[in-house]
Novice: 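My questions all concern the structure below.
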There are 2 protein chains.
Amino acid sequence: MRHQGKRHGQRRKAAPKRRITGFLQPIFLLQLYSQDRHGYDLLQGLEEFISDAETYDPSIIYRIMREMESNGWVNSYEGTVSRGPRRRMYSLTLEGKEQLSRWMIDLQKTKDEIDNLLTVFRQQTT
Amino acid sequence: MRHQGKRHGQRRKAAPKRRITGFLQPIFLLQLYSQDRHGYDLLQGLEEFISDAETYDPSIIYRIMREMESNGWVNSYEGTVSRGPRRRMYSLTLEGKEQLSRWMIDLQKTKDEIDNLLTVFRQQTT
DNA sequence: TCATCTATTGACAACAGGTCTATAGATAAA
DNA sequence: TTTATCTATAGACCTGTTGTCAATAGATGA
């Protein structure tokens with residue numbers, strides 16, 4: 001099968017610089033909170049959380065999900081037959097929910113640190 | 001010269017997980033905004049911005065400053081003679097100030113992204 | 001048949017930073 | 001005098017996360 005034109009005709013916009021280490025993981029887990037989803041769908045959902053989401057290469061989702069599955073935070077299974085290629089569905093485990101909560105606490109701290117830095121910056125530069 | 005007891009007697013607490021990529025750089029630049037400082041001093045100043053700052057290994061500051069100097073964001077020079085070992089002083093360049101401002105804009109965006117994620121999380125889990 | 005879109009897998013490469021070794025000057029303690 | 005401690009710097013090796021690219025697949029449209 002021929003490979004897709006993506007690599008020959010259209011050049012993908014350079015991926016955004018990493019900002020927060022491990023930011024995609026909680027985003028994906030949160031998307032699974034209300035319902036199971038397949039990989040590509042999770043990737044589509046990124047745009048609600050990250051600017052320039054369309055610059056992410058799809059392969060990243062599958063690696064991340066594989067790692068999270070090995071950690072017991074998600075389970076995966078073959079999706080029901082749909083039009084087009086096979087789908088791999090992901091569901092959130094109880095451990096995954098707990099881990100998500102831990103990440104949220106962590107992110108709140110991170111946010112506070114940024115806030116502090118911004119505050120000091122504004123004080124010093126005015 | 002004998003190496004310091006740090007590695008034999010006291011075990012350094014494991015460094016905190018990285019949260020924000022490139023978070024130390026703006027912190028160091030901001031500390032140089034009001035006055036030149038030497039490396040170790042910049043490291044001490046970290047505690048105002050980062051919890052667990054004391055877990056950072058001092059060597060990190062010098063690598064980061066070296067990189068920033070090669071980018072033209074800081075200049076360094078031999079410090080005046082002081083008690084104890086030699087000191088390397090760092091000063092902020094005009095380019096450094098501009099870069100710092102860019103980082104602040106970036107960090108504001110990052111903070112907003114976290115905020116959004118936290119908001120969605122709270123909505124979905126209550 | 002080829003192009004495009006949806007969809008997944010995996011290996012190699014790159015990057016940021018963590019860890020550990022080494023060194024040095026001054027002072028205090030043994 | 002020697003050793004311990006604190007302040008201070010430099011560098012190499014290692015690790016963890018993620019970016020990039022290649023490959024593949026089913027369905028539909030051109």
Side-chain angles (χ1 to χ4, degrees), chain A residues 1-25 27-28 37-44 46 50 52 54-69 71 76-90, chain B residues 1-25 27-28 37-44 46 50 52 54-69 71 76-90:
Chain A
M1 171 82 59
R2 302 287 300 281
H3 34 222
Q4 309 306 313
K6 170 169 62 178
R7 300 286 148 71
H8 294 269
Q10 322 155 26
R11 174 174 294 272
R12 176 185 295 279
K13 191 167 117 187
K17 281 265 173 117
R18 286 170 287 179
R19 292 203 186 113
I20 304 173
T21 302
F23 194 46
L24 297 185
Q25 286 86 342
I27 291 177
F28 291 149
R37 290 167 177 256
H38 67 273
Y40 206 74
D41 190 24
L42 288 171
L43 193 66
Q44 305 289 80
L46 261 191
I50 295 191
D52 292 341
E54 74 281 350
T55 66
Y56 279 85
D57 190 285
S59 63
I60 193 174
I61 167 71
Y62 299 102
R63 185 207 306 130
I64 286 181
M65 297 311 290
R66 192 162 53 234
E67 284 161 8
M68 291 207 283
E69 186 166 14
N71 286 326
S76 69
Y77 54 94
E78 284 274 334
T80 54
V81 173
S82 59
R83 53 165 289 183
R86 71 194 193 286
R87 287 176 169 180
R88 170 161 291 276
M89 304 296 296
Y90 297 95
Chain B
M1 172 81 56
R2 301 287 298 281
H3 36 221
Q4 308 308 312
K6 170 170 58 178
R7 299 286 149 69
H8 295 270
Q10 324 153 29
R11 175 175 294 275
R12 176 186 296 279
K13 187 167 119 188
K17 281 275 173 97
R18 287 169 290 176
R19 293 204 187 107
I20 304 173
T21 304
F23 194 47
L24 297 183
Q25 287 87 339
I27 292 176
F28 291 148
R37 290 167 176 255
H38 69 273
Y40 206 74
D41 189 24
L42 288 171
L43 192 66
Q44 305 289 80
L46 260 191
I50 294 192
D52 291 342
E54 74 281 352
T55 65
Y56 278 86
D57 190 286
S59 63
I60 195 174
I61 166 72
Y62 301 103
R63 185 207 303 134
I64 286 181
M65 297 310 292
R66 193 162 53 238
E67 285 161 7
M68 290 207 282
E69 187 167 14
N71 286 326
S76 69
Y77 54 94
E78 283 275 334
T80 53
V81 173
S82 60
R83 55 165 289 185
R86 70 194 194 284
R87 286 176 170 179
R88 172 160 289 276
M89 305 299 296
Y90 297 96

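So you know, we letter chains A, B, ... as the sequences are listed, proteins then strands, and number each from 1. Scope of the values below: all heavy atoms of this structure, side chains included, with no hydrogens, waters or symmetry mates.
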Novice: Mind checking what makes side chain to side chain contact (heavy atoms under 4.5 Å, CB included) contact with A:Y62, not counting sequence neighbours?
Specialist: A:Y40, A:Y90
Novice: Nearest-nucleotide wise, let me know which of A:L24 and B:Y40 is further upstream toward the 5' end of DNA chain D.
Specialist: B:Y40
Novice: To the nearest Å, give me how far apart CG (B:D52) and C1' (C:dG18) are.
Specialist: 15 Å
Novice: Between atom OH in A:Y56 and atom C1' in D:dT18, what is the gap in whole Å?
Specialist: 9 Å
Novice: Tell me every residue that passes salt bridge (Lys or Arg N to Asp or Glu O under 4.0 Å) with B:R88, counting only those two or more places apart in sequence or in another chain.
Specialist: none
Novice: Atom pairs, N/O to N/O, protein against nucleotides 10-13 of chain D, distance under 3.5 Å?
Specialist:
| from | atom 1 | to | atom 2 | distance (Å) |
| --- | --- | --- | --- | --- |
| D:dA10 | OP1 | B:R88 | NE | 3.0 |
| D:dG11 | OP2 | B:R66 | NH1 | 3.3 |
| D:dG11 | O6 | B:S59 | OG | 2.8 |

Novice: Nearest-Å distance, CD (A:E67) to P (D:dT17)?
Specialist: 7 Å
Novice: Expressed in angstrom and rounded to an integer, what is the separation of A:I61 atom CD1 from D:dC21 atom P?
Specialist: 20 Å
Novice: Please identify each residue that fulfils side chain to side chain contact (heavy atoms under 4.5 Å, CB included) with A:E69, with sequence neighbours left out.
Specialist: A:V74, A:S76
Novice: Take the protein atom NE2 of A:H38 and the nucleotide atom P of C:dC5, then report the distance between them rounded to whole Å.
Specialist: 16 Å
Novice: Measure from CD1 on A:I64 to P on D:dT20 and round the result to the nearest Å.
Specialist: 14 Å
Novice: For A:R63, check side chain to side chain contact (heavy atoms under 4.5 Å, CB included) against everything at least two apart and list the hits.
Specialist: A:I60, A:R66, A:E67
Novice: In whole angstrom, give the distance that lies between atom CE of A:M65 and atom P of D:dT18.
Specialist: 14 Å
Novice: Roughly how many Å is it from CE in A:M68 to P in D:dT17, rounded to a whole number?
Specialist: 13 Å
Novice: Looking at residues at least two apart in the chain, or sitting in another chain, which of them share a side chain to side chain donor-acceptor pair (under 3.5 Å) with B:Q44?
Specialist: none
Novice: Hey, does the side chain of B:Q25 come within less than 4.0 Å of C:dG17's phosphate (OP1/OP2), counting only N and O?
Specialist: yes
Novice: What is the minimum heavy-atom distance between A:M89 and A:E78, and which atoms define it?
Specialist: CG-C, 4.5 Å
